[in-house]
A.B. asks: 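The structure is given below, and queries will be raised subsequently.
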Amino acid sequence: MRRLHLNAFLLGVGHHEAAWRTARADPAAVLDVEHYRHLARVAERGTFDSVFLADKLSTGHAARHNVLTMLEPTVLLAALASATSRIGLIATLSTGFDEPYHVARRLLTLDHVSGGRAGWNVVTSYSDAEARNFGADRVDEHDRRYRRAAEFVDVVRALWDSWEVGAFVHDRHDGVFADVERVHDLHHRGEFFRVDGALTAPRSRQGHPLLVQAGASPTGRDFAAGRADAVFTAHQTLADARAFRTDLRARAARAGRDPDDVVVLPGIVPIVGATEAAARARAAELDELVVTDYALRQLENLVGRDLSGLPLDGPLPDLPAPGEHRGAQGRLELITRLARDEGLTIRGILGRLAGGRGHLVVVGTPEHVADVMAGWFTAGGADGFNVMAAELPAGLEDFVEGVVPELRRRGLHRDHYDADTLRGHYGLASHSRGGASR
Ligand SMILES: Cc1cc2nc3c(=O)[nH]c(=O)nc-3n(C[C@H](O)[C@H](O)[C@H](O)COP(=O)(O)O)c2cc1C
């Protein structure tokens, strides 16, 4: 039977942008490894496939009110590896400002350290504030970023393949540490990178860590369809989610892949209460704590336009066509549609984005949240979900105690792990050199 894939997206003390301001929250926990260890253990109790850490290479524009990602993901996930035994560990690493050799090595190390549980969320980085931390004024133009990402990922995968299975012979008798006939230099010369040698370490249990991608533009979708095992995405409606998944599966087929090998995981921000009224009260409390100035800067960042001076109760100004936007095209399209289809004012849009930056916010009882998830899953809008708790740890605890048993009762979610690698949770075999991934 087809089952949900669940990923726990861990972001500081919660995805709601005001989560850190409630009396329940401990804002200092964003720097506390014990906070993250606890979250990973809770997610493992809920038999999630993975936990996931996002990343951004700048403090962003409004550190006065919130910074979303403070700690480097692979280092933090190495600490979580020792606190857990089964759950996958997905790190965001950017192809924009790094070198394939570094990234291949860091992820392979995480895979060795965790016994085969590493995954990579491949991002291109789309904000100029990040570019300015790496000697450039602006990020590369959109399609060039994806061209670089494609070559980057291909080199990383070739590096993971540079040691064949069994090349690490450690033959004490003959003094042969590695069979160099089975360790292959890359001699890669491409548009963006030159990489000569093989990786420093032999392949890990998984062979290739799981690859995740989250671009929603046409170029981003092609990139994901050609290379990713899972795709994170954001939709407000089931109709949009279905259209996206159908399109992505068609692109995967055109790229010569089995569409079932690309798992689509829309984000969901569950706000759960014992009663619907209790859940609504919690959501309202969070929304009331939003700092308008911060929310406005976030929106400006997403749409690439200065909105200062515009009346909050008026409409959004005309936005660039997504295809002409240098930043994240998928999110611009989502916001444009929200404004158009629902006739929202700027303030209305800020309210809709506060809970989860464009991801679906579902407020209600555990049964209601499970109903929505089951509905999207069976109607072809999702293969699973990227669970983005509004508050952490409380929201993830509520989800695992309330929604997970409900999903299990319906036969939609595992009650124990059959595998102990991340690829195993996805039903993928370990990736052996030259071999197929399934
Ligand atoms: C769930 C989710 C998580 C993401 N995490 C990150 C992240 O951590 N860092 C980042 O730079 N971009 C992140 N993104 C943005 C995408 O990777 C992508 O760069 C962006 O959507 C622009 O792609 P597009 O122009 O193809 O839509 C995320 C997107 C989604 C939907």
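The structure presented is a predicted model; accordingly, all values stated were derived computationally and were not measured. When a ligand or atom number is given, it counts from 1 through the structure's own listing order.
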A.B. asks: At a 4.0 Å cut-off, with the gap strictly under it, does some heavy atom of His359 reach an atom of ligand 1?
C.D. replies: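 Judged by the 4.0 Å heavy-atom criterion, His359 does count as contacting ligand 1.
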
A.B. asks: Indicate yes or no: at least one non-hydrogen side-chain atom of Glu391 is less than 4.5 angstrom from one of His16.
C.D. replies: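 Counting from C-beta outward, Glu391 and His16 never come under 4.5 Å.
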
A.B. asks: Among all protein heavy atoms, pick the one closest to atom 23 (O) of ligand 1 and tell me residue, atom and distance.
C.D. replies: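 Ranking protein heavy atoms by distance from atom 23 (O) of ligand 1, first comes Tyr146 OH, 3.1 Å.
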
A.B. asks: Would you say the side chains of Gln236 and Arg337 form a donor-acceptor pair under 3.5 Å?
C.D. replies: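 Side-chain D/A pair, Gln236 to Arg337: absent.
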
A.B. asks: Work out whether the distance between some heavy atom of Arg331 and some atom of ligand 1 is less than 4.0 Å.
C.D. replies: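 Yes, Arg331 has a heavy atom closer than 4.0 Å to ligand 1.
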
A.B. asks: Tell me whether Phe223 reaches ligand 1 (any heavy atom closer than 4.0 angstrom to a ligand atom).
C.D. replies: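 For ligand 1, residue contact (heavy atoms, under 4.0 Å) with Phe223 is absent.
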
A.B. asks: Give me the nearest non-hydrogen protein atom to atom 20 (C) of ligand 1 as residue plus atom name, then the distance to 0.1 Å.
C.D. replies: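 Protein heavy atom at minimum distance: Ala328 CB, 3.7 Å.
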
A.B. asks: Which of the numbered atoms in ligand 1 are below 4.0 angstrom from a heavy atom of Val123?
C.D. replies: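 Close to Val123: 6 (C), 7 (C), 9 (N), 10 (C), 11 (O), 12 (N), 13 (C), 17 (O).
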
A.B. asks: So, His65 and Glu17: side-chain donor and acceptor under 3.5 Å apart, yes or no?
C.D. replies: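 Absent: no donor and acceptor within the cut-off.
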
A.B. asks: State which residue, out of Arg86, His425, His416, His413, fulfils the side chain to side chain donor-acceptor pair (under 3.5 Å) condition with Thr47.
C.D. replies: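 Result: among Arg86, His425, His416, His413, His413 is the only option passing the side chain to side chain donor-acceptor pair (under 3.5 Å) with Thr47.
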
A.B. asks: Quick one: does ligand 1 sit under 4.0 Å from the side chain of Asp55, the backbone, both or neither, non-hydrogen atoms only?
C.D. replies: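 Within the 4.0 Å criterion, Asp55 contacts ligand 1 through backbone atoms alone.
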
A.B. asks: Whether Asp222 and Arg251 form a salt bridge (side-chain N of Lys/Arg under 4.0 Å from carboxylate O of Asp/Glu) is what I want to check.
C.D. replies: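 Salt bridge: yes.
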
A.B. asks: Any atoms of ligand 1 less than 4.0 Å from a non-hydrogen atom of Thr92? List them with their elements.
C.D. replies: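 Those atoms are 7 (C), 8 (O), 9 (N).
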
A.B. asks: Please confirm whether Thr219 approaches ligand 1 to less than 4.0 Å, judged on its heavy atoms.
C.D. replies: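 Per 4.0 Å heavy-atom rule, Thr219 does not contact ligand 1.
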
A.B. asks: Could you tell me whether Arg297 and Glu300 make a salt bridge, using a distance below 4.0 angstrom between a side-chain N and a carboxylate O?
C.D. replies: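 Salt bridge flag = yes for Glu300 with Arg297.
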
A.B. asks: Should Gln213 be counted as touching ligand 1, given the test is an N or O pair under 3.5 Å?
C.D. replies: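 In fact, backbone or side chain, Gln213 has no N or O that close.
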
A.B. asks: Aromatic ring centroids of Tyr426 and His5 under 6.0 Å?
C.D. replies: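 So the answer is yes for these two rings.
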
A.B. asks: Between the side chains of Gln206 and Asp111, is a donor N or O closer than 3.5 angstrom to an acceptor N or O?
C.D. replies: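 Per modelled atom types, Gln206 and Asp111 side chains form a pair under 3.5 Å.
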
A.B. asks: Charged N to carboxylate O under 4.0 angstrom, Asp140 versus Arg148?
C.D. replies: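 No.
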
A.B. asks: Among Phe9, Phe52, Trp20, exactly one meets ring pair (Phe, Tyr, Trp, His ring centres under 6.0 Å) together with His15. Which residue is that?
C.D. replies: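 Of the listed residues Phe9, Phe52, Trp20, the ring pair (Phe, Tyr, Trp, His ring centres under 6.0 Å) partner of His15 is Phe9.
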
A.B. asks: At less than 4.0 angstrom from any non-hydrogen atom of Ser217, what atoms of ligand 1 do you find?
C.D. replies: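 That gives atoms 24 (P), 25 (O), 26 (O), 27 (O) of ligand 1.
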
A.B. asks: At what distance is the nearest protein heavy atom to atom 5 (N) of ligand 1, and which residue and atom is it?
C.D. replies: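 Result: Asn121 ND2, 3.8 Å.
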
A.B. asks: Any nitrogen or oxygen of Tyr126 lying under 3.5 Å from a nitrogen or oxygen in ligand 1? Just yes or no.
C.D. replies: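 No; the residue has no nitrogen or oxygen that sits under 3.5 Å from a nitrogen or oxygen of the ligand.
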
A.B. asks: For ligand 1, is there an N or O atom under 3.5 Å from any N or O atom of Gly330?
C.D. replies: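 Such a contact does occur with ligand 1.
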
A.B. asks: Should the ring pair His208 and His431 be called parallel, tilted or perpendicular, given that the plane angle runs from 0 to 90° and is split at 30 and 60?
C.D. replies: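 The rings of His208 and His431 lie parallel, inter-plane angle below 30°.
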
A.B. asks: Under 3.5 Å, N or O to N or O, is Asn386 touching ligand 1 that way?
C.D. replies: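 By distance alone, the answer is no.
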
A.B. asks: Work out whether the distance between some heavy atom of His142 and some atom of ligand 1 is less than 4.0 Å.
C.D. replies: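 Distance cut 4.0 Å: His142 passes for ligand 1.
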
A.B. asks: Which atoms of ligand 1 are found less than 4.0 Å from any heavy atom of Ala54?
C.D. replies: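 So the atoms of ligand 1 that pass are 8 (O).
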
A.B. asks: Under 3.5 Å, N or O to N or O, is Ala216 touching ligand 1 that way?
C.D. replies: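 Yes.
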
A.B. asks: Are any side-chain N or O atoms of Arg408 and backbone N or O atoms of Arg414, one a donor and one an acceptor, separated by less than 3.5 Å?
C.D. replies: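 Yes; at least one donor-acceptor contact below 3.5 Å.
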
A.B. asks: Only heavy atoms of Gln329, strictly under 4.0 Å: list the atoms of ligand 1 that pass.
C.D. replies: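 Per the distance check, 24 (P), 25 (O), 27 (O).
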
A.B. asks: Taking all heavy atoms of Ala40 and all of Leu80, pick out the closest pair and write down the distance.
C.D. replies: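 Heavy atoms of Ala40 and Leu80 come nearest at CB-CD1, 4.2 Å.
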
A.B. asks: Out of Gly96, Gly323, Ala214, who is nearest to atom 18 (C) of ligand 1 when you count heavy atoms only?
C.D. replies: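 Checking each option, the heavy atom nearest atom 18 (C) of ligand 1 is found in Ala214.
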
A.B. asks: Which is it for Thr69 and ligand 1 at heavy atoms under 4.0 Å: side chain, backbone, both or neither?
C.D. replies: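 The answer is neither.
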
